[in-house]
2 protein chains.
Amino acid sequence: MPDATLWSALADPHRRAIVALLLQRPRPVGEIVEACGLSQPSTSKHLKVLREAGLVRVRQDAQRRVYALDPAPIAELDAWLAPYRELWNRSLDALGRRLDETPDDTSHAPEEPTTKD
Amino acid sequence: MPDATLWSALADPHRRAIVALLLQRPRPVGEIVEACGLSQPSTSKHLKVLREAGLVRVRQDAQRRVYALDPAPIAELDAWLAPYRELWNRSLDALGRRLDETPDDTSHAPEEPTTKD
DNA sequence: GCGCTTTATTCCTTGACAGGAATATAATCG
DNA sequence: CGATTATATTCCTGTCAAGGAATAAAGCGC
């Protein structure tokens, strides 16, 4: 189960936006400030929360600090989600069987092999 | 991308506990109260938040209200997670490749130690 | 209807968190 | 060292959410 700090870190929309930005590529703080439209102090505070949640790492590049996503907590979230995903797959399967109305059916197999556990 | 209410609903540890309880089986409010050790009003308020986030449904059974998980928002979370999971898989894969380098090459070339100052 | 049980809601207080402004720290360069 | 850039931290304030106590509402049995 993920740490509480992980959930509360991701509960904030601005922080999720930062995380989405860092998914594209690592970025220095200035870029994040500009992209999010937040003030620099506020951004730094959000980055601190993300750091303490283990979601991002910092690399120093001259005076700049380049933030990058750390994939580990994502795995934690994924592990937390796993039992619920089973429930979801079950219900999807049942719904699909009952309604049979999916025209662009995505081949709902009983086992979902997309994640290499 | 999941709705903000979904994230804030799951940000609370008590609500995650309730969700975990409901993963096992649907339960009436009284059971949740006892299992979580919260007061009845507090539990009802948490259930309301979960309801508004779409995470649970209610079924009426005499005077009791039986709450059950709704799997749909889980799918939303999973969809949100997907791009990050790719990142995570990539990093796992990179690590695996590094560890899986065919070690039968006894004269493995080390990193060039000269270019660094 | 009346009581009884179960759950929801309101009122209130408290604590946590976000944001802005100003300031401090760190690193680079001359 | 002093100036400059880039980022972090502190202080303050407003907002929002959680928890408890009391109360309301809804459904059931008589």
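The chains referred to below are lettered A, B, ... by the order of the sequence lines, with proteins before strands, and numbering in each begins at 1.
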For the residue pair A/Trp80 and A/Trp7, categorise the inter-ring angle as parallel (less than 30°), tilted (30 to 60°) or perpendicular (more than 60°). perpendicular

Atom pairs under 3.5 Å: protein N/O with N/O of nucleotides 5-9 of chain D:
{"unit_1": "D/dT7", "atom_1": "OP1", "unit_2": "A/Val29", "atom_2": "N", "d": "3.3"}
{"unit_1": "D/dT7", "atom_1": "OP1", "unit_2": "A/Arg65", "atom_2": "N", "d": "3.3"}
{"unit_1": "D/dT7", "atom_1": "OP2", "unit_2": "A/Gly30", "atom_2": "N", "d": "3.1"}
{"unit_1": "D/dA8", "atom_1": "OP1", "unit_2": "A/Tyr67", "atom_2": "OH", "d": "2.4"}
{"unit_1": "D/dA8", "atom_1": "OP2", "unit_2": "A/Ser44", "atom_2": "OG", "d": "2.6"}
{"unit_1": "D/dA8", "atom_1": "N7", "unit_2": "A/Gln40", "atom_2": "NE2", "d": "2.6"}
{"unit_1": "D/dA8", "atom_1": "N6", "unit_2": "A/Gln40", "atom_2": "OE1", "d": "3.2"}

A side-chain contact here means heavy atoms from C-beta on lying under 4.5 Å apart; do A/Leu77 and A/Leu10 qualify? yes

Closer to the 5' end of DNA chain C via nearest nucleotide, is it A/Asp61 or A/Val49? A/Val49

Looking at every heavy atom in both B/Ser44 and B/Val29, which two are closest together, and how far apart are they? OG-CG1, 4.4 Å

B/Trp7 CH2 to C/dC17 P, straight-line distance once rounded to whole Å: 18 Å

May I have the distance from A/Arg59 (atom CZ) to C/dA27 (atom C1'), rounded to whole angstrom? 15 Å

Whole angstrom is fine here: how far is it from CD in B/Glu34 over to P in C/dT6? 11 Å

Interatomic distance where CZ belongs to A/Arg16 and P belongs to C/dA18 [whole Å]: 12 Å

Side-chain N or O of B/Ser39 less than 4.0 angstrom from OP1 or OP2 on D/dG20? yes

Which nucleotide sits closest to the side chain of B/His46: D/dG19, C/dA27, C/dA18? D/dG19

Using the rule given for side-chain contact (heavy atoms from CB on, under 4.5 Å), can you reason through A/Leu50 versus A/Tyr67, listing the C-alpha separation, both sets of side-chain angles and the distance that settles it, and then say yes or no? CA-CA 10 Å; A/Leu50 291 173; A/Tyr67 280 80; over 6 Å; no

Heavy-atom side-chain contact between B/Cys36 and B/Ile18 under 4.5 Å: yes

Between B/Asp12 (CG) and D/dC16 (P), how many Å, whole number? 18 Å

Under the salt bridge (charged side-chain N to carboxylate O under 4.0 Å, His left out) test, which residues partner B/Arg65, sequence neighbours left out? none

